[in-house]
Engineer: 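Following this message is one structure expressed as structure tokens.
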2 protein chains.
Amino acid sequence: MGAKKARPVTLQMIADQLGLHVSTVSRVLHAKPGEGLRAASSPTVERVRRLADELGYQRNPHAMSLRTQRSNLIGVLVPRLSDVVLATIYEGIEEAAAEHGLSTFVTNTRDVPEVQRARTEMVLGRRVDGMIFGDAHSDSGFLDEVAARGVPFVLVNRRAGGHPAVVCDDYLGGRMVAEHLLEQGHRDVAVVAGEPYASTGVDRTGGFADRFREAGLPIPEHRIVHSRFDAQGGRAGTERLLASGPLPSAVFVVNDFGAIGTIGALRDHGLRVGADIAVVGFNDTPLAAELPVPLTTVRSPMREMGRRGLRQLVRVLAGEQGESELLRPELIVRASSDPARYERLMAKVGG
Amino acid sequence: MGAKKARPVTLQMIADQLGLHVSTVSRVLHAKPGEGLRAASSPTVERVRRLADELGYQRNPHAMSLRTQRSNLIGVLVPRLSDVVLATIYEGIEEAAAEHGLSTFVTNTRDVPEVQRARTEMVLGRRVDGMIFGDAHSDSGFLDEVAARGVPFVLVNRRAGGHPAVVCDDYLGGRMVAEHLLEQGHRDVAVVAGEPYASTGVDRTGGFADRFREAGLPIPEHRIVHSRFDAQGGRAGTERLLASGPLPSAVFVVNDFGAIGTIGALRDHGLRVGADIAVVGFNDTPLAAELPVPLTTVRSPMREMGRRGLRQLVRVLAGEQGESELLRPELIVRASSDPARYERLMAKVGG
DNA sequence: CTGAAAGCGCTTACAG
DNA sequence: CTGAAAGCGCTTACAG
């Protein structure tokens, strides 16, 4: 038992069967389409292609990489793939990579600097052609080092230190939320702001706070708390908020998962989201719409961000200058911050 | 500007600087620890190691793979990484792989057979040493083919066709849910059963239905509907359930994300989860506990499943027989199916 | 204990 | 249009 693993077909095998030299076969099979010079005569090309097809030839990537010093591999670092935001961005990266004939290594760094370093070395040790970081810290020392070493890379999700980055216009997203809450008449608001080292949370908070300041309602410091980017973090941040003073009328949580924790904490304090207090999240993850009280949030083009990040990396690999891109967010209003929608919802449930 | 990418250090460079032959350096640096035979004299070993360290030598994996026909790479296929269940299993795989000196390619197949085929070929084209499938379909024709080709692989998450698989004891998990609902006095229940090609949903439903049958309460066919494994799927399945007859007193949704869709649909029909109808999910994903009405669910050891799956693959790669493993699930009762807990919750919120 | 050779599978100027 | 050679960086018996 146990099927023997067939030795893969090589160029040499094809050459032998056809009485050609391996270099001719190589030229035929892998001549760049743009290449003006013909690889061989039409009949030869035909024969080679046919046999390669028949035998199911697949180029040995290790041999090719060794010879060309190009691996067509890229490394992707994310804080954690179990965060649906990063997983979705990665799906975009992978999709676009496949279209460019590139394969991706993706790895979790849990936002721990030592792990970021170690995984970067590991990935570089694999001789990737370039990297995409989804876990940049605002203190960009590490990335500066990587850049100094000449490693081509781009950032997605979070920006840092002026390196080419494809991110959502988080500042604008924060302003949109502020605008919405101001329209709803909120005057005393709070923010669960995420990790202080992540541009996402910082920029969202910044836009939000700026807009309130412009409205003559600067947000006091104790109304802004940092937190981890998950349900636990949202819960913990909210508990601190509730302990630190009177109840605000609205809470902006800089990501949906945090918002879920916030909702849990508010519930534990006997507060009804949408009625007693407004809550707004960020990212419009799939469950925001499905929550018992649907969550107002800001939609960010996550998959598209991944696709564009990969495209920028391809440009960098081609020797061009990588460009930063700012993707447009969109406010999605739902019952968690809109009394009219909340009433309609309750009417249905109540009746 | 533009740091030049330094050419990586090779064995040859080290050998030259030390006046040694490259083969000696190779032996020193990469002799297996188990190897009884010494690679070189102590002083030589010392000098080589020191210089390698100093220069930051990293073995070129392409050269090594080409020479040894072993890539230390494994391919992982999942339906989608944006499903937190699969992302968490993958985290376990990656963790364990790193401990074994292996790197992983992971790729999304969206449960589409043509994509599964294409991605498998792509990954095999990268010359991985083995594969882990998290997206097996019960109709195991494709996997049988892969096995016949002699590709070493194991399954995680879903089992199929008797191939080595590390999965949760889904059947038992389903029985646990049934047991719990029977204790709560439910007699008329329904199931949102997931995709019919996935053993997870099928086994969970099977265990659940068997237990009810044993209790003398066989579940009529129209009370079991199939659905996609996400919030949208749960919502759609639940709508069909609600359209097909009188209201059941409890709904078992075979995964948490589906359950969220179910909760959304029930809400839209004016039903209060935990009061008017019980809902139970599966997997205990992080948000189950944070939902406004916390969700009863079955905890499955997702990360551990990934770790064990990788370990089984390592065994297979070592020429041993891969073994299937069944991991133990645990029922987590919360307010969505427990009137006592629900009352306590409401008392807090109401007050 | 250390060196020399062969070879993994490919690509790329260079001849002819 | 096609062949021959060199070489990417490594490992692995085999000599000595």
Side-chain angles (χ1 to χ4, degrees), chain A residues 5-32 34-49 52 55-73 101 124-127 129, chain B residues 5-32 34-49 52 55-73 101 124-127 129:
Chain A
K5 196 158 162 181
R7 256 311 193 61
V9 181
T10 65
L11 289 183
Q12 191 60 255
M13 291 172 170
I14 297 179
D16 288 350
Q17 284 193 42
L18 257 27
L20 288 168
H21 194 266
V22 60
S23 62
T24 306
V25 179
S26 174
R27 250 178 276 124
V28 170
L29 257 18
H30 305 306
K32 281 142 213 148
E35 217 96 307
L37 41 123
R38 315 244 342 257
S41 66
S42 303
T44 305
V45 169
E46 193 43 40
R47 286 166 64 216
V48 170
R49 289 222 178 109
L55 301 180
Y57 172 74
Q58 283 199 295
R59 167 157 51 181
N60 184 315
H62 302 121
M64 178 193 159
S65 298
L66 180 59
R67 178 61 236 242
T68 61
Q69 312 280 25
R70 244 246 185 200
S71 62
N72 294 327
L73 244 33
L124 254 22
R126 277 279 171 192
R127 303 298 203 269
D129 292 334
Chain B
K5 194 159 167 181
R7 255 314 190 60
V9 181
T10 65
L11 291 182
Q12 192 58 254
M13 292 171 165
I14 297 178
D16 288 351
Q17 285 194 44
L18 256 28
L20 289 168
H21 194 266
V22 60
S23 61
T24 306
V25 178
S26 173
R27 250 179 276 125
V28 169
L29 256 20
H30 304 306
K32 282 142 212 148
E35 216 93 309
L37 42 122
R38 316 240 346 253
S41 66
S42 301
T44 305
V45 169
E46 193 41 42
R47 287 165 64 217
V48 170
R49 289 222 179 111
L55 300 180
Y57 172 75
Q58 284 198 294
R59 168 159 48 182
N60 183 316
H62 302 122
M64 178 195 161
S65 299
L66 180 58
R67 179 59 235 244
T68 62
Q69 311 281 24
R70 242 243 184 203
S71 61
N72 293 329
L73 244 33
L124 254 21
R126 277 282 170 190
R127 302 300 201 267
D129 292 334

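Order of the sequence lines sets the chain letters (A, B, ...), proteins ahead of strands, with each chain counted from 1.
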Engineer: Quick check for you: to the nearest 0.5 Å, what is the distance between B:R7 atom CZ and B:M13 atom CE?
Structural biologist: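 With rounding to 0.5 Å, CZ (B:R7) is 7.0 Å from CE (B:M13).
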Engineer: In whole Å, what is the span from the CZ atom of B:R70 to the C1' atom of C:dG7?
Structural biologist: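 Rounded to the whole Å, the gap is 20 Å.
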Engineer: What distance do B:Q12 atom CD and B:D16 atom CG have between them, rounded to the nearest 0.5 Å?
Structural biologist: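 Reported to 0.5 Å precision, the distance equals 4.5 Å.
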Engineer: Please state how far atom CD in A:E46 lies from atom P in D:dC1, giving the value in whole angstrom units.
Structural biologist: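 Going from A:E46 (CD) to D:dC1 (P), I get 15 Å.
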Engineer: Base, sugar-phosphate, or nothing for B:S26, non-hydrogen atoms under 4.0 angstrom?
Structural biologist: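 If one applies the 4.0 Å heavy-atom cut-off, B:S26 turns out to touch a base.
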Engineer: Which of these, B:L11, B:V48, B:V25, sits in a side chain to side chain contact (heavy atoms under 4.5 Å, CB included) with B:Y57?
Structural biologist: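 Of B:L11, B:V48, B:V25, side chain to side chain contact (heavy atoms under 4.5 Å, CB included) with B:Y57 is met by B:L11 alone.
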Engineer: Under the 3.5 angstrom rule, does the side chain of A:R47 hit a backbone N or O of A:L18 as a donor-acceptor pair?
Structural biologist: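 Flag set: sc A:R47 to bb A:L18 pair under 3.5 Å.
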Engineer: Output one line per pair: protein atom, nucleotide atom from nucleotides 3-6 of chain C, and distance, for all N/O pairs under 3.5 Å.
Structural biologist:
{"unit_1": "C:dG3", "atom_1": "OP2", "unit_2": "B:H21", "atom_2": "N", "d": "2.9"}
{"unit_1": "C:dG3", "atom_1": "OP2", "unit_2": "B:T24", "atom_2": "OG1", "d": "2.9"}
{"unit_1": "C:dG3", "atom_1": "N7", "unit_2": "B:R27", "atom_2": "NH2", "d": "2.9"}
{"unit_1": "C:dG3", "atom_1": "O6", "unit_2": "B:R27", "atom_2": "NH2", "d": "3.0"}
{"unit_1": "C:dA4", "atom_1": "N7", "unit_2": "B:H21", "atom_2": "ND1", "d": "3.3"}
{"unit_1": "C:dA4", "atom_1": "N6", "unit_2": "B:S23", "atom_2": "OG", "d": "3.2"}

Engineer: Send over the distance from B:H62 NE2 to C:dT11 C1', rounded to a whole Å.
Structural biologist: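 B:H62 atom NE2 is separated from C:dT11 atom C1' by 15 Å.
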Engineer: Let me know the distance between CZ of B:R7 and C1' of D:dC10, rounded to the nearest Å.
Structural biologist: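 Whole-Å distance recorded here is 15 Å.
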Engineer: What distance do A:M64 atom CE and A:Q69 atom CD have between them, rounded to the nearest 0.5 Å?
Structural biologist: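 The CD atom of A:Q69 is 11.5 Å from CE of A:M64, to the nearest 0.5 Å.
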Engineer: Find the distance A:L11:CG to C:dT11:P and express it as a whole number of Å.
Structural biologist: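 Going from CG in A:L11 over to P in C:dT11 covers 6 Å.
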Engineer: Please step through side chain to side chain contact (heavy atoms under 4.5 Å, CB included) for the pair A:R127 and A:L73, ending with a clear verdict.
Structural biologist: CA-CA 8 Å; A:R127 303 298 203 269; A:L73 244 33; over 6 Å; no
Engineer: Indicate whether OP1 or OP2 belonging to D:dT2 is found under 4.0 Å from a side-chain N or O atom of A:T44.
Structural biologist: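 Looking at the OP1 and OP2 atoms of D:dT2, one of them is under 4.0 Å from a side-chain N or O of A:T44.
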Engineer: Work out which heavy atom in B:H21 is nearest to a heavy atom in B:S23; give both atom names and the distance.
Structural biologist: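 B:H21 and B:S23 have their closest heavy atoms at ND1-OG, 2.9 Å.
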Engineer: Using both pair distances under 3.5 Å as the test, note the stems of at least 3 consecutive Watson-Crick or G-U pairs that include DNA chain D.
Structural biologist: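 The stems are C:1-3 with D:14-16, C:5-12 with D:5-12, C:14-16 with D:1-3.
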Engineer: Over how many whole Å does the gap from B:R127 atom CZ to C:dG9 atom C1' extend?
Structural biologist: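 These atoms are roughly 9 Å apart.
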Engineer: Give a yes/no on whether any side-chain N or O of B:Q69 is located under 4.0 angstrom from OP1 or OP2 of D:dT11.
Structural biologist: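 No, no such contact exists.
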Engineer: Is the distance from OP1 or OP2 of D:dG9 to the nearest side-chain N or O of B:Y57 less than 4.0 Å?
Structural biologist: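 Negative; the distance criterion is not met.
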Engineer: Report the nucleotide, chosen from C:dT11, C:dC8, D:dC10, that has the shortest atom-to-atom distance to any side-chain atom of A:R59.
Structural biologist: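 Among C:dT11, C:dC8, D:dC10, the one nearest the side chain of A:R59 is C:dT11.
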Engineer: Would you kindly give the CG-to-P distance between B:N72 and D:dC10, to the nearest whole Å?
Structural biologist: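 For the pair B:N72 CG and D:dC10 P, the rounded distance is 15 Å.
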Engineer: Any chance you could measure B:R59, atom CZ, to B:S65, atom OG, to the nearest 0.5 Å?
Structural biologist: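 Nearest 0.5 Å value for the CZ-OG distance: 9.0 Å.
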Engineer: Taking the side chain as everything from C-beta on, heavy atoms only, tell me whether B:T10 gets closer than 4.5 Å to B:N60.
Structural biologist: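 No. Closest side-chain heavy atoms not under 4.5 Å.
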Engineer: Give the rounded distance in Å between these two atoms: CG of A:L29 and P of C:dG9.
Structural biologist: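 Answer to the nearest Å: 16 Å.
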